[in-house]
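Right, one structure below, let's go through it.
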Amino acid sequence: MAAAVANGTVYIGSWDGNLYAIDADSGKLRWEFQTAASQQNSSKILNADGSLNQEAFAPVFGDFQDMYVDFYRYTLIGAIMAPPVVDNGVVYIGSMDGNFYALQ
């Protein structure tokens, strides 16, 4: 994933449906934002701690078709696949849950 850097903070989206804001100097997490789809987690693709449930990503067909199934699973949890954009203190992200978020 590509990141955006602004005012000493690194912003990076994740396959788990979270946007992470990390202090560029210390590497410590400043805050995180969870997409609406990852909060719902209707297909139990995420564990209670927010990490990806590896069992939910078990192969279905055992061939190339599984990449389409995985893409669908990432859609279900609102994966953030494009880098965020920061402008005037607002962080903009698009999510695979169909939402466009503006965070301040």
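Values below: all heavy atoms of this structure, side chains included; hydrogens, waters and symmetry mates excluded.
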(message) Looking at N53 and N47, would you say the former's side chain and the latter's main chain have a donor-acceptor pair under 3.5 Å?
(response) no

(request) Find the distance between CD1 (I12) and CG (L19) and round it off to the nearest 0.5 Å. (result) 9.0 Å

(request) Hey, could you give me the OG/CG distance between S51 and D16, rounded to the nearest 0.5 Å? (result) 8.5 Å

(message) Filter on ring pair (Phe, Tyr, Trp, His ring centres under 6.0 Å), then keep only pairs touching residues 37-64, sequence neighbours left out; what's left?
(response) F57-Y74

(message) Using a 3.5 Å distance criterion without hydrogens, assess whether the side chain of S95 forms a donor-acceptor pair with backbone atoms of G78.
(response) yes

(request) Using the test side-chain hydrogen bond (donor to acceptor under 3.5 Å, both in side chains), find all partners of Q65 that sit at least two apart in sequence or belong to another chain. (result) D63

(message) Test your reading of the model: is there a side-chain donor-acceptor pair from R73 to the backbone of I45, 3.5 Å cut-off?
(response) no

(request) Answer whether the closest heavy-atom distance between the side chains of L46 and L52 falls below 4.5 Å. (result) yes

(message) Just to verify, what does D23 make a side-chain hydrogen bond (donor to acceptor under 3.5 Å, both in side chains) with, not counting sequence neighbours?
(response) S26, R30

(request) Please list, chain by chain and in numerical order, all residues satisfying side-chain hydrogen bond (donor to acceptor under 3.5 Å, both in side chains) with D25, sequence neighbours excluded. (result) none

(request) Considering non-hydrogen atoms only, spot the tightest contact between Q39 and Q34 and give its length. (result) NE2-O, 2.9 Å

(message) How close do S38 and G17 get, counting heavy atoms only, and between which atoms?
(response) OG-O, 3.4 Å

(request) Could you tell me which non-hydrogen atom of G94 sits nearest to which non-hydrogen atom of I80, and how far apart they are? (result) O-CG2, 3.8 Å

(message) Could you tell me if N18 and S14 have a donor-acceptor pair between their side chains, going purely by distance under 3.5 Å?
(response) no

(message) Is it the case that atom CG in D49 sees more than 12 heavy atoms from other parts of the structure closer than 6.0 Å?
(response) yes

(message) Tell me every residue that passes side-chain contact (heavy atoms from CB on, under 4.5 Å) with A102, counting only those two or more places apart in sequence or in another chain.
(response) V90, Y92

(request) Verify side chain to side chain contact (heavy atoms under 4.5 Å, CB included) between W31 and L103, making sure each step is shown before the conclusion. (result) CA-CA 11 Å; W31 55 265; L103 310 170; 4.2 Å; yes

(message) Let me check something: do F33 and V85 share a hydrophobic cluster, defined by ILVMFWY side-chain heavy atoms less than 4.5 Å apart, either directly or through other members?
(response) no

(request) Just jot down the side-chain hydrogen bond (donor to acceptor under 3.5 Å, both in side chains) partners of Y101, sequence neighbours excluded, or say none. (result) D97, N99

(request) Please answer whether the main-chain N or O of I77 pairs with a side-chain N or O of T35 as donor and acceptor at a distance below 3.5 Å. (result) yes

